[in-house]
S.K.: 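Below are the C-alpha cells for one structure; questions will follow.
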Amino acid sequence: MCGRFVFYSPAEAVTRLFGVEFEQEFQPRYNIAPTQVAPVLRRDDAGSRRLNLLRWGLVPFWAKDRAIGNRMINARAETVAAKPAFRQAYRRRRCLVLADGFYEWQRKDAGKVPWYIHSTAGGPFAMAGLWERWRPEGEESLETFTILTREADPWMTAIHHRMPVIVDGDTASRWLDPATGEQALNSVCEGPTGVELEATQVSRQVNNPGNEGPELIQPVGN
DNA sequence: CCAGACGTTGTT
DNA sequence: GTCTGG
DNA sequence: CCAGACGTTGTT
DNA sequence: GTCTGG
C-alpha cells in the first residue's frame with residue numbers, strides 16, 4: 001500500500017514535468033505521514049492544472065468527525081467505484097499526488113523492515129488520488145485526499161503485495177480529466193506503471209513519523 | 001422502520 | 001448522503 | 001504506515 | 001486489541 005511517502009523535488013522540476021506552479025510554499029519532506037499536508041495536483045473548473053496543499057486522509061463530505069480520515073488514507077482501485085466513502089470523489093474529484101518515492105514495510109520474522117521505493121531514473125512521479133472537501137458546521141472547510149492502491153508489480157511482491165497506482169503522461173491527464181468514463185479509469189488503474197521503480201532498504205528511523213530529513217532515504221546494508 | 005457504518009492492510 | 005443489518 | 005494511548009476525579 | 005494522531 002502506501003502509508004508514508006517522500007516529496008523533495010524543487011519547484012522548477014515540478015513545473016517542467018507536470019506543467020504546474022506551487023501556490024503555497026512546501027519544504028522538502030522525507031516522511032510525509034497521514035494527517036499531514038502534501039502537494040496535490042488538480043484541474044480547476046477552467047481545466048487548468050493547480051497545485052495545492054491538502055491533508056492526507058480523505059474525510060467524506062458527510063462525515064461528522066474528521067477522525068474518519070485516519071482510516072481513509074488509501075482506496076483500493078478494484079473497489080473504489082462502489083464504496084460510499086469514495087464513490088463521488090472517484091467520479092468527480094480525481095487528483096495526482098506528487099512524490100519522489102514511498103515507503104513499504106516488509107514483514108520478517110525479526111520484525112518489519114522499511115524500504116524506500118523510487119524511480120530508477122530519478123525524479124518525481126504522480127500517484128492517482130481522490131480529493132474531497134469537508135464543511136463542518138461553524139468550522140473552516142477542510143480539503144483532504146486519498147491514494148489509490150493496486151496489486152504490486154511482480155518484482156516488488158517480496159517486499160509487499162500492494163502499491164500505489166502510478167500514472168504517467170497521457171495516462172495522468174486521463175485520470176485528471178473529469179470527462180473520463182469509468183471503463184477508461186479502470187484501465188488507467190490496471191495499466192502498466194509508466195515509471196520504472198527500484199527499492200532500497202532504509203533505516204528504521206522512518207518508523208517514527210516525527211523523524212524527518214534526507215538521511216531517511218539513505219540505503220542501509222544487507 | 002431506525003441504527004450504525006462508511007476503510008485498508010494483513011493475519012488466522 | 002447512502003447502504004446494510006436488524 | 002507506525003507510535004502511543006487507552007480513565008476519572010479533583011487539585012494546582 | 002483498537003483507536004487516534006502524526
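Below, chain A is the first sequence line, B the second, and so on; all start at residue 1.
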S.K.: Got a sec, which residues hit side chain to side chain donor-acceptor pair (under 3.5 Å) with A:Gln36, two or more places apart in sequence or on another chain?
M.R.: A:Arg29

S.K.: About how many Å separate CE of A:Met163 and OG1 of A:Thr157, when rounded to the nearest 0.5 Å?
M.R.: 11.5 Å

S.K.: Heavy-atom count check: over 12 atoms from other residues, nucleotides or ligands less than 6.0 Å from A:Glu140 CD?
M.R.: no

S.K.: Would you measure the distance from the P atom in D:dC2 across to the matching atom in B:dT9 and give it in whole Å?
M.R.: 13 Å

S.K.: In this structure, which stretches of DNA chain D are paired as stems of three or more consecutive Watson-Crick or G-U pairs, both distances less than 3.5 Å?
M.R.: D:1-6 with E:1-6

S.K.: What residues form a salt bridge (charged side-chain N to carboxylate O under 4.0 Å, His left out) with A:Arg107, not counting sequence neighbours?
M.R.: none

S.K.: For A:Ile217, which fellow cluster members are found when Ile, Leu, Val, Met, Phe, Trp and Tyr are connected by side-chain heavy-atom distances below 4.5 angstrom, either directly or through intermediates?
M.R.: A:Val6, A:Tyr8, A:Tyr30, A:Tyr103, A:Trp105, A:Tyr116, A:Val202, A:Val206, A:Leu216

S.K.: Tell me, please, whether A:Trp131 has A:Arg42 positioned over its six-membered ring: NZ or CZ under 6.0 Å from the ring centre and within 45 degrees of its axis?
M.R.: yes

S.K.: Mind running a 4.0 Å heavy-atom check of residues 188-200 of chain A against DNA chain E and sending the residues that fall below it, in number order?
M.R.: none

S.K.: Pull out every protein N or O sitting under 3.5 Å from an N or O of nucleotides 4-6 of chain C, one pair per line with the distance.
M.R.:
none

S.K.: Between protein and nucleotides 1-8 of chain B, map the contacts as a letter string: B base, S sugar-phosphate only, - none, heavy atoms under 4.0 Å, written 5' to 3'.
M.R.: -----BBS

S.K.: Under the ring pair (Phe, Tyr, Trp, His ring centres under 6.0 Å) test, which residues partner A:His160, sequence neighbours left out?
M.R.: none

S.K.: Which residues pass the side chain to side chain donor-acceptor pair (under 3.5 Å) test with A:Asp170, not counting sequence neighbours?
M.R.: none

S.K.: Kindly state which residues belonging to residues 32-41 of chain A come within less than 4.0 angstrom of DNA chain E, counting heavy atoms of the residue only, listed by number.
M.R.: A:Ala33, A:Pro34, A:Thr35, A:Gln36

S.K.: Classify A:Ile73 by what it touches in the nucleic acid, base, sugar-phosphate, or nothing, heavy-atom distance under 4.0 Å.
M.R.: base

S.K.: Which residue pairs pass the side chain to side chain donor-acceptor pair (under 3.5 Å) test with at least one member in residues 67-83 of chain A, sequence neighbours excluded?
M.R.: A:Glu78-A:Arg162

S.K.: Quick one: salt bridge (charged side-chain N to carboxylate O under 4.0 Å, His left out) partners of A:Arg93, sequence neighbours excluded?
M.R.: A:Glu132

